[in-house]
> 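I'd like to ask some things about the structure below.
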Amino acid sequence: MSNRVRFAPSPTGHVHIGNIRVAIFNWLFARHEGGKFLLRIEDTDRERHTKEAVDALFDVMNWLGLDYDEEPVFQSARRDAHLAAADRLLTEGKAYKEDKGNTGKGECIIFRMPNEDVVFNDEIKGELAKKAKDLQDFVIVRSDGAPVFHLANIVDDIDMKITHVIRGDDHVENTFRHVLIYKALGIKPPKYAHLPMIINQQGKPYSKRDGDCFVGEFRAKGFLADALFNYLAFLGWSPGGDREKLSRQELMELFSLDRVKSSPAQMDLKKLTHLNGQYVAELPANDFIAAAGRVVENYEWATGVDKDYFAKVCRLMQTRTHVYSFVKDWKYFFSDDIEYEEKPVRKMLKKPGMKTTLAVLRGKLDNIGFSEESIEETIRAVEKESNISEGKLNQPVRIAVTGMSTGAGLYETMALIGKARCLVRLGYAIDHLCEED
RNA sequence: GCGCCCAUCGUCUAUCGGACAGGACACCAGGUUUUCAUCCUGGUAAGCGGGGUUCGACUCCCCGUGGGCGCGCCA
C-alpha cells in the first residue's frame, strides 16, 4: 500500500510559519514517495473554528502550492466515530468513567494506562522510550461528551489509513500515549517522524509576539511562494550538497526523512530575503511588473501612473528588488515630493563648494538633450571644471535627484525621471539642502 | 520537581572514527561598474565543559552545563 500522510492543523485564522513547514515536509514526503498527502481540519475547538479561519488555511496552502489528494476531512464531523471508539475502550475495560477531581461537571471518560513501558522508533530521532511509571491516565472524552484531541486524532488517522505521522517535535510526549491507544484499539501504529522546531532570534520558540510568524505576513511583505517554500524546506533538512536554491521538483526528488535534523533551527530573515531576491531576479519581466504594480497600488504617489513608464521603472529595478516591499522606495520615480536620507545628504551635499557645483551642473543640464550619454558627459565636464575627481559627483547628484544613496544606474535613472523633474530637484537641493558657500 | 529530547562559524548547514572541519546568509577587504545595485576574488569566524572507549574522535559511551518539550476535561 502506498504511503499516506496528513497535515492536520487547527485553523485559527492565521497560519503559523512552523505549521506550514510541517505541511511542506508532509507534502514533500508524499510527493517523493508517490504517496498521498491528505488534509484534516481539526476544528473541534469550537470557539476558534470559523469559516474565515478555514478559508485562510486553504488560501495559504493554495498560495504555496500544497495540493492535497482527497477531500479534506473535518474532524468536527467525525464525533460519532470518536465516541464509538471510546465506548469500545470502555466496554473492554481499557477506559473508565469518573468525575476527575470531583469537579461536579459530571463524568468524563479516562483512558487507563496499561502498566507497561512504551517504545517506538521515530524516523528522525531514533528509538524513543518511556517508563510506565512516567505515564498517567488521561481524559479522552470530556464530561460534556466532546472527544479530546488524543482520541480524535488517532481515530481519524486510523480511518484515514495514515501510514506516517510527520509532525512537530512538541508532539513527542503525546506519542507514547498515542501508541498505547493504538494498542488498546488493536491497531498497528503508524510510523512517526518528529520535526525539530523553528525558533526565533532569541533562540526561543516562535510566538505570535515575534512578528513575521504568519505565512500571510510574508506574503503581504512580498515574498514569493516558491522562495518561502524553498527556504522553509531547508530549515531542519538539507539534501547534503552545496546547492541551496532548489526548485520544487528538485526538492521533491531529493527529500527524505532520514536527512531531517533533530535540533531546532532558527529562522534567518536576511537569508530568506537573499533567496527571495534570486527568485525575483529570474521572474519574467511581465510577472514582475504585474506584481510590483499590485504593491504600488498601496501608495498614493503612484496613482494614475503611466503603464509604459512604470514598466521602465520595473526594468531598472527588478534585479535590486529582493522583496516586493522594497517598492516602497520607488517614490522618487513618480513624485517630486521626495524623502531624503539624512546621512547621505549631510555627507554628500553639505560640503563646501557643492552648492556652486550643482548650480553649474544644473545650468548645463538645462541645455542638453538629456540622454544617458549626454547626462554622463555633462557630469564629467563639470567635475573637470570644478576640480572634482572623476565619478565623485555622481553620489551628490544621486542624492539630490532621488533622495537616496542607492538605486539603479544614475544616468539611466535620471534619463527616465526626465529633464524637468531632475532640474526641479537639483534646484531644491541647491536652495535647501546644500551648505552656503 | 519528574520525564523525554537537543548541542559544528553570529545564523542555516556538510561531515556518517582518519580531510587545512566544507558550503550558504551576514560581515570585512579588494576588483569590476568613472556612480549605485549586481557580479567576481579573498578574508574573519565553529565542534559547550569534563571524563572515558580507540592507534586515532566533531563523530561512540558516561557525567555535567545550557536550551527545548511534556507532565490540561487545549490542540
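Worth saying up front: this structure is predicted, and the values here are computed from it rather than measured.
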> Is A:Asn174 touching bases, backbone alone, or none of the nucleic acid, heavy atoms closer than 4.0 Å?
base

> Remember a base hit wins even if backbone is also touched, and classify A:Ala281 as base, sugar-phosphate or nothing at under 4.0 Å, heavy atoms.
nothing

> Students often get this wrong, so: under 4.0 angstrom with heavy atoms, is A:Asp99 touching a base, only sugar-phosphate, or nothing?
base

> List in chain and number order the residues that pass salt bridge (Lys or Arg N to Asp or Glu O under 4.0 Å) with A:Glu385, two or more places apart in sequence or in another chain; answer none if no residue qualifies.
A:Lys364

> Report which part of the nucleic acid A:His194 touches: base, sugar-phosphate, or nothing (heavy-atom distance under 4.0 Å, all strands).
nothing

> What integer distance in Å separates A:Lys133:NZ from B:G3:P?
6 Å

> Give the B/S/- string for nucleotides 25-46 of chain B, one per nucleotide from 5' to 3', where a protein heavy atom under 4.0 Å of the base yields B, of only the sugar-phosphate yields S, and otherwise -.
BS-------BBBB---------

> Are the aromatic ring centres of A:His150 and A:His178 under 6.0 angstrom apart?
yes

> Using both distances under 3.5 Å as the test, list the Watson-Crick or G-U wobble partner of B:C27, or none.
B:G43

> Are OP1 or OP2 of B:C73 and a side-chain N or O of A:Lys100 less than 4.0 angstrom apart?
yes

> Just to be sure I understand the rule, does A:Arg259 reach a base, reach only the sugar-phosphate, or reach nothing, if contact means heavy atoms closer than 4.0 Å?
sugar-phosphate

> Taking only the side-chain nitrogens and oxygens of A:Ser238, find out if one of them lies under 4.0 Å from OP1 or OP2 of B:A14.
yes

